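Presented below is the structure to which this report refers.
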Amino acid sequence: VQVAFAPSMGRGAILTAPEDADSQPAPAVTYADRKKVSRQKNRLDKVMKLVEQKEDKSSDLTNQMYSAGADPSQLAELQQQKEKLEADVEELMGEWEQLEIEIAEAEALLEA
């Protein structure tokens, strides 16, 4: 296999030539591809931390609801806040799952 730097394809791009006519050349992996995976991993870390923070806050709100006792206005306000947090967590979990899929696919391409 011959390896050559391809400046016209962008920083860090590598082209490979097959040893025989039957093999397919590996796709060029660019600096932008690696950078995208890095950004996705950073976002995944942030999403994971946000989920943890929002779940902790939701737990705190549950405790506050128990403490509020029979005060219906306070209970309603706390319940509304808790529902908002739960919706946020659900949205973040969806993003988390999507990022994991995208990262796995991109890493498979980078390793190919």
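Throughout, numbering of the chain's residues begins at 1 and tracks the sequence. Just so it is clear, the model here is predicted, and its values are computed rather than measured.
The hydrophobic cluster containing Leu44 also contains Leu50, counting ILVMFWY residues as joined when their side-chain heavy atoms lie under 4.5 angstrom apart, directly or transitively.
Legend: residues meeting side-chain contact (heavy atoms from CB on, under 4.5 Å) with Lys49, ordered by chain and number and at least two apart, are absent. Annotation: side-chain contact (heavy atoms from CB on, under 4.5 Å) contacts of Ser38 (sequence neighbours excluded): Asn42. For Glu95, the side-chain hydrogen bond (donor to acceptor under 3.5 Å, both in side chains) partners two or more places apart in sequence, or in a different chain, are Arg43.
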Identify every side-chain donor-acceptor pair in residues 84-93 under 3.5 Å, counting partners at least two apart or on other chains, and give the distances.
unit_1	atom_1	unit_2	atom_2	d
Lys84	NZ	Asp88	OD1	2.8
Lys84	NZ	Asp88	OD2	3.2
Glu86	OE2	Lys82	NZ	3.4
Asp88	OD2	Lys54	NZ	3.3

Which atom pairs, one a donor and one an acceptor, fall under 3.5 Å between side chains of residues 100-112 and the rest of the protein, sequence neighbours left out?
unit_1	atom_1	unit_2	atom_2	d
Glu100	OE2	Trp96	NE1	3.0
Glu102	OE1	Gln40	NE2	3.0
Glu102	OE2	Gln98	NE2	3.1
Glu107	OE2	Lys41	NZ	2.6

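Here the shortest heavy-atom pairing between Gly69 and Leu75 reads O-CD1, 3.1 Å.
Lys36 NZ to Arg39 CZ: the interatomic distance, rounded to the nearest 0.5 Å, is 8.0 Å.
Applying the salt bridge (Lys or Arg N to Asp or Glu O under 4.0 Å) test to residues at least two apart or on different chains, none of the pairs has a partner in residues 56-81.
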